[in-house]
Undergrad: 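Starting off with a structure, shown below.
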Amino acid sequence: MIKTLAAQIKEYKKVSIMTPVFMILEVVFEMLIPFLMASIIDDGVEAGNMQHIYAVGAVMIAAALGGLFCGVMGGKYGARASTGFAKNLRQAMFENIQTFSFASLDKFSTAGLVTRLTTDVTNMQMAYQMILRICFRAPVSMVCAMTMAFFINAKLASVYLVAVFALAVVLFFIIRGAMKYFKQAFPKYDELNASVQENVSAIRVVKAYVREEHETKKFKKASQGIYDIFQKAEQHVVLNMPVMQFTVYGCILLISWLGAKQIVQNTLTTGELMSLLTYCMNILMSLMMVAMIFVMMSMSIASAERICEVLNEKSDLTNPVNPVYEVPSGDIEFRHVRFAYNKESSEAVLHDINLKINAGETIGIIGGTGSAKTSLVNLISRLYDVSDGAVLVGDRDVREYDIETLRNQVAVVLQKNVLFSGTILDNLRWGDPNATEEECKRVCRLACADEFIEKMPDGYHTYIEQGGTNVSGGQRQRLTIARALLKKPKVLILDDSTSAVDTATDAKIRKAFAEEIPDTTKLIIAQRVASVMNADRIIVMDDGRVHGFGTHEELLRDNEIYREVYESQTNGGGDFDENAEGGDE
């Protein structure tokens, strides 16, 4: 874990070294001041030597200024090092998340990743600054103060050793009690973020069902959970201060009493007693700082573990040693494919799939919910790897291709359509960053998106809100289809991507595909038989197996499942909008 985190210090190594150097120098200057004060009292004030007072006073001022300068520089470099470290952590996590396979993403919730990138990194930033500044300053200060105290009077200084030992034991038990609660707190942040994210993204549903009060209670419960855990932790941590004060005042009283007796016996001077009391405060305050370091470290360890989980997560989808950088054609073949989302699971999602699809064919895929239609097409673009068997595109195993090359040639329009904040052109150019406006308009005509875009006030420069909330479901689907077409893929997969458009528009899109991109292999997952019946061939999926594969007429004749679905849809009168001209949902 330490090695993983230390690798993110990178260009901030120099300031990370300079910070403790300046903090140690600050301690050295501070330790001189009580010693010089004793000299002023004993050799200046009591002896009436003003020249000595001026000379030593000047040295004290120089030491104070030196300590101030070192403290400022230590704070400056510490802030630069900790904020830079936090920046690198966020960048490294975000970059690694971009490499995650779908299987890797399944391990982390969205809210959990957000918490790791925000709250956990902030905790690490604070901890790192404390390590560079306090973690070096406090032990050095304690050791220097103890050394100076023993140099002045070893008998009185031994009081500090007893006090430090007793205080250290008490603080150990206090901190150990608090640590278990801090470790429980951060998963609660995930729950809180999940509640907020779900509520905001589904606010229209919340309002439609008048569930604001329910959502408020759910958030309050998550927030109360964090409050309860931190309250228990703070009940332990808050004991630090009274224990610390009791020890400090006990030491002051004991040293004052014993020191006064030694002054009367002329074995200790007044100045030395003042120095010892000052060093007493330095020693015990340093110990208090060390205690706070342990509290902060107990919080940051939980955060560090969660951050390292993300940094150390490696995608199970990797490029081969000598990847192929060209997909020759849109031919697709499944050879005895078995697939399970959990590699260790004996329960497979797909069982012994054998299919051969020729380049340029339009293939319909139909089946009930949970029949593994989406799982089947996800293997083509290598969003997941097969458990057994092989998937071939262009007569090559997909595992032989460079992943980016393969995915650029196998365009997928997923079930959940996602648009990003920006103009329509910005969203379309996700398919091809260098596409001209005319090329964007062409693919929009193919996807039947031009008809609603041209009616918008700013046309193709219309701003799309985050998630595409200012366009309808059917409009989002057509824009995502156009975006995929802009990639000019060898294979185009539409995963139930026309479910929100009427049947007339669906027919127009299919006709445009047949006429404009005849060489592209098109796989269309649909719930409506009408959307796939004109395909060259149709795959009927059932419980992770291919139950039938043939033309519409062949399946009507030979496949019971397809025939039942077709008859239930046609006898029911078909879709209500099958005669409509072109409305959206």
Side-chain angles (χ1 to χ4, degrees), residues 326-333 355-366 376-378 380-381 392-395 398 401 404-415 417 424-425 427-453 460 474-501 503-526 528 530-539 551-552 582:
E326 184 180 353
V327 180
S329 69
D331 291 312
I332 301 170
E333 185 176 356
L355 293 169
K356 186 166 179 60
I357 299 166
N358 300 318
E361 275 193 300
T362 298
I363 303 296
I365 304 176
I366 198 165
L376 180 75
V377 298
N378 280 344
I380 298 171
S381 56
L392 286 72
V393 174
D395 295 324
V398 292
Y401 288 109
E404 288 188 10
T405 300
L406 176 67
R407 291 179 183 168
N408 276 328
Q409 292 300 323
V410 182
V412 183
V413 182
L414 299 170
Q415 281 178 309
N417 303 293
I424 289 176
L425 284 175
N427 274 276
L428 292 172
R429 284 173 177 148
W430 273 67
D432 181 0
N434 301 314
T436 64
E437 188 168 336
E438 187 53 44
E439 288 175 317
C440 292
K441 289 179 179 179
R442 177 181 173 277
V443 294
C444 285
R445 285 194 293 271
L446 293 178
C448 296
D450 59 322
E451 57 192 45
F452 71 83
I453 295 175
Y460 286 83
Q475 290 170 342
R476 279 200 303 273
Q477 286 189 335
R478 283 181 272 176
L479 285 172
T480 52
I481 292 170
R483 181 173 65 190
L485 288 172
L486 203 56
K487 295 178 74 171
K488 302 178 180 68
K490 295 283 197 311
V491 178
L492 175 64
I493 299 171
L494 303 179
D495 188 354
D496 206 13
S497 303
T498 58
S499 59
V501 301
T503 50
T505 303
D506 188 11
K508 289 180 183 178
I509 293 172
R510 285 186 280 110
K511 182 180 178 182
F513 286 174
E515 294 175 353
E516 298 291 335
I517 49 172
D519 297 329
T520 298
T521 306
K522 299 164 281 291
L523 282 75
I524 303 171
I525 296 177
R528 298 183 299 213
S531 297
V532 298
M533 60 188 295
N534 293 321
D536 296 319
R537 288 186 290 173
I538 302 166
I539 300 170
T551 64
H552 171 68

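Only this structure's heavy atoms are used, side chains among them; waters, hydrogens and symmetry mates stay out.
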Undergrad: So does Thr362 get a backbone contact from the side chain of Asp536, meaning a donor-acceptor N/O pair under 3.5 Å?
TA: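 Checked: pair present.
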
Undergrad: Determine yes or no for a side-chain-to-main-chain donor-acceptor pair under 3.5 angstrom, with Arg429 supplying the side chain and Ala435 the backbone.
TA: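 Present.
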
Undergrad: Dump the intermediate steps for side chain to side chain contact (heavy atoms under 4.5 Å, CB included) on Leu355 and Ile332, then the final yes or no.
TA: CA-CA 8 Å; Leu355 293 169; Ile332 301 170; over 6 Å; no

Undergrad: Say whether, by atom type as modelled, one donor and one acceptor occur between the side chain of Thr520 and the main chain of Lys490 under 3.5 angstrom.
TA: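 Side chain of Thr520 to backbone of Lys490, a donor-acceptor pair under 3.5 Å: no, none is there.
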
Undergrad: Count the heavy atoms of every other residue, nucleotide or ligand shown that sit under 6.0 Å from CD of Glu437, and state whether that count exceeds 12.
TA: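 Counting other residues, nucleotides and ligands, CD of Glu437 exceeds 12 neighbours.
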
Undergrad: Nearest 0.5 Å please: distance from the CD1 atom of Ile481 over to the SG atom of Cys444.
TA: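 Rounded to the nearest 0.5 Å, the CD1-SG separation comes to 11.0 Å.
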
Undergrad: Is a donor on one side and an acceptor on the other found under 3.5 Å between the side chain of Tyr401 and the backbone of Val393?
TA: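 Confirmed, Tyr401 side chain pairs with Val393 backbone.
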
Undergrad: Begin with the C-alpha distance, continue with both residues' side-chain angles, and end with the deciding distance and a verdict on side chain to side chain contact (heavy atoms under 4.5 Å, CB included) for Val412 and Val377.
TA: CA-CA 9 Å; Val412 183; Val377 298; 5.7 Å; no

Undergrad: Go through Leu486 and Glu439 one step at a time and tell me if the side chain to side chain contact (heavy atoms under 4.5 Å, CB included) criterion holds.
TA: CA-CA 8 Å; Leu486 203 56; Glu439 288 175 317; 4.3 Å; yes

Undergrad: Measure from the side-chain N and O atoms of Lys522 to the backbone N and O of Ile517, and report whether any donor-acceptor pair falls under 3.5 Å.
TA: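 At least one qualifying donor-acceptor pair exists.
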
Undergrad: Over all heavy atoms of both residues, which pair between Val532 and Ala526 is shortest? Give the atoms and the distance, please.
TA: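 Closest heavy-atom pair between Val532 and Ala526: CG1-CB, 3.8 Å.
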
Undergrad: Checking Ser381 side chain against Arg407 main chain: does a donor-acceptor pair fall under 3.5 Å?
TA: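 No, the answer is negative, given that no donor and acceptor are paired below the 3.5 Å cut-off.
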
Undergrad: Kindly compute the distance separating OG1 (Thr436) from CZ (Arg442), expressed to the nearest 0.5 Å.
TA: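 Rounded to the nearest 0.5 Å, the OG1-CZ separation comes to 10.5 Å.
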
Undergrad: Once rounded to the nearest 0.5 Å, what's the spacing between atom OG1 of Thr551 and atom CG of Asn534?
TA: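 With rounding to 0.5 Å, OG1 (Thr551) is 11.5 Å from CG (Asn534).
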
Undergrad: Does the pair Arg476 and Asn427 meet the rule for a side chain to side chain contact (heavy atoms under 4.5 Å, CB included), with working shown?
TA: CA-CA 11 Å; Arg476 279 200 303 273; Asn427 274 276; over 6 Å; no

Undergrad: Could you tell me whether a side-chain N or O of Arg478 sits under 3.5 Å from a main-chain N or O of Cys448, the two making a donor and an acceptor?
TA: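 Between the backbone of Cys448 and the side chain of Arg478 there is a qualifying donor-acceptor contact (under 3.5 Å).
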
Undergrad: Out of the candidates Ile493, Ile524, Leu376, only one should pair with Ile365 under the side chain to side chain contact (heavy atoms under 4.5 Å, CB included) rule; please name it.
TA: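 Running side chain to side chain contact (heavy atoms under 4.5 Å, CB included) over Ile493, Ile524, Leu376 with Ile365 returns exactly one hit, Leu376.
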
Undergrad: Whether Glu404 and Lys487 form a salt bridge (side-chain N of Lys/Arg under 4.0 Å from carboxylate O of Asp/Glu) is what I want to check.
TA: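 No.
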
